[in-house]
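For the numbers below, each heavy atom of this structure counts, side chains included, while hydrogens, waters and symmetry mates do not. Atoms within a ligand are numbered from 1 in the order they appear, just like the ligands themselves. Remember, it's a predicted structure, so these values are computed and weren't measured experimentally.
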Amino acid sequence: MRKPLMIGNWKMNKTISEAVSIVKSMKNAVVDVTDVEILLCPAFTALYAVNNEVKGSNINVGAQNLFWESEGAFTGEISPAMVKDTGCSYVLIGHSERRQYFGETNETVNKKVKGALAIGLNPVVCIGETLKEREENVTFNVIEKQIKEGAKGLTPEQAVLTVIAYEPVWAIGTGKTATPEQAQKVHAFVRKIYANMYKEEVADKIRILYGGSVNPGNVSNLMEQPDIDGGLVGGASLESESFAKLIKYSK
Ligand code: PGA
């Protein structure tokens, strides 16, 4: 059985003190949750403080990005070991905002995935089509390319440590969610790709999350779908009340 995973992606929001203060109230709000894995992804600057604050709780912490090289002259970049050193166990890779504004490609995603795995961080690889691609009926081609190129060269053992987040670009921050059926279709397709690339066993274990305007009102319908194993949540994760509600979707 795949344990549901709910991720709060805070993007470029919150100073250290704001992050710590919201984590304090989140800890209390989700203290009784055992059936869902909870992950928060604050900005780099708050990672160490947030990791300290969640110690001993049921909340884990991840970074929003990293660079693949282990050290050296790469001004402004953060290595996998540096991320791990703050206490993180996960890292988001290839979020559509990074692909769109910072030139990330399937090739850089692949390098980052390998860099993360090499240090023992679980990568959360983001994939998804733009509105134009959906309208041109190339969604499945885009998804297949993103998966195959992003996971190139991974062993089956490494593949099962990866989490996939399907986020249609047109649904991110727009209030426009994919319908549960639209999302399920893509999720089932992603699982099939993994079954073909590796074997059923790997495909069965991989968690595939949906992202794009997930909120406390639409989360349970999405989670009812057989291949949706959790959510990658932006806006609705910025406040403890809405994120806790969302995490407790089955209650
Ligand atoms: P959103 O963001 O929930 O605000 O749409 C999701 C994401 O970009 O990960």
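Taking the side-chain hydrogen bond (donor to acceptor under 3.5 Å, both in side chains) definition, one finds that R134 meets it with E129, Y166, sequence neighbours left out. For L131, the side chain to side chain contact (heavy atoms under 4.5 Å, CB included) partners two or more places apart in sequence, or in a different chain, are E135, W170.
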Taking distance alone, no hydrogens or angles, what donor-acceptor pairs closer than 3.5 Å link side-chain atoms of residues 37-45 to residues at least two apart or in another chain?
residue, atom, partner, partner atom, Å
E37, OE1, R207, NH1, 2.9
E37, OE1, R207, NH2, 3.1
E37, OE2, Y90, OH, 2.7

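A distance-only check finds no donor-acceptor pair linking the side chain of W68 to the backbone of V113 [under 3.5 Å].
Within 4.0 Å of ligand 1, contacts by protein heavy atoms are made from N9, K11, H95, E167, A171, I172, G173, G212, S213, L232, V233, G234, G235.
Checking L92, T162, N9 one by one against V124, the side-chain contact (heavy atoms from CB on, under 4.5 Å) holds for a single residue, L92.
Classified by interplanar angle (parallel below 30°, tilted 30° to 60°, perpendicular above 60°), the ring pair F67/F74 is tilted.
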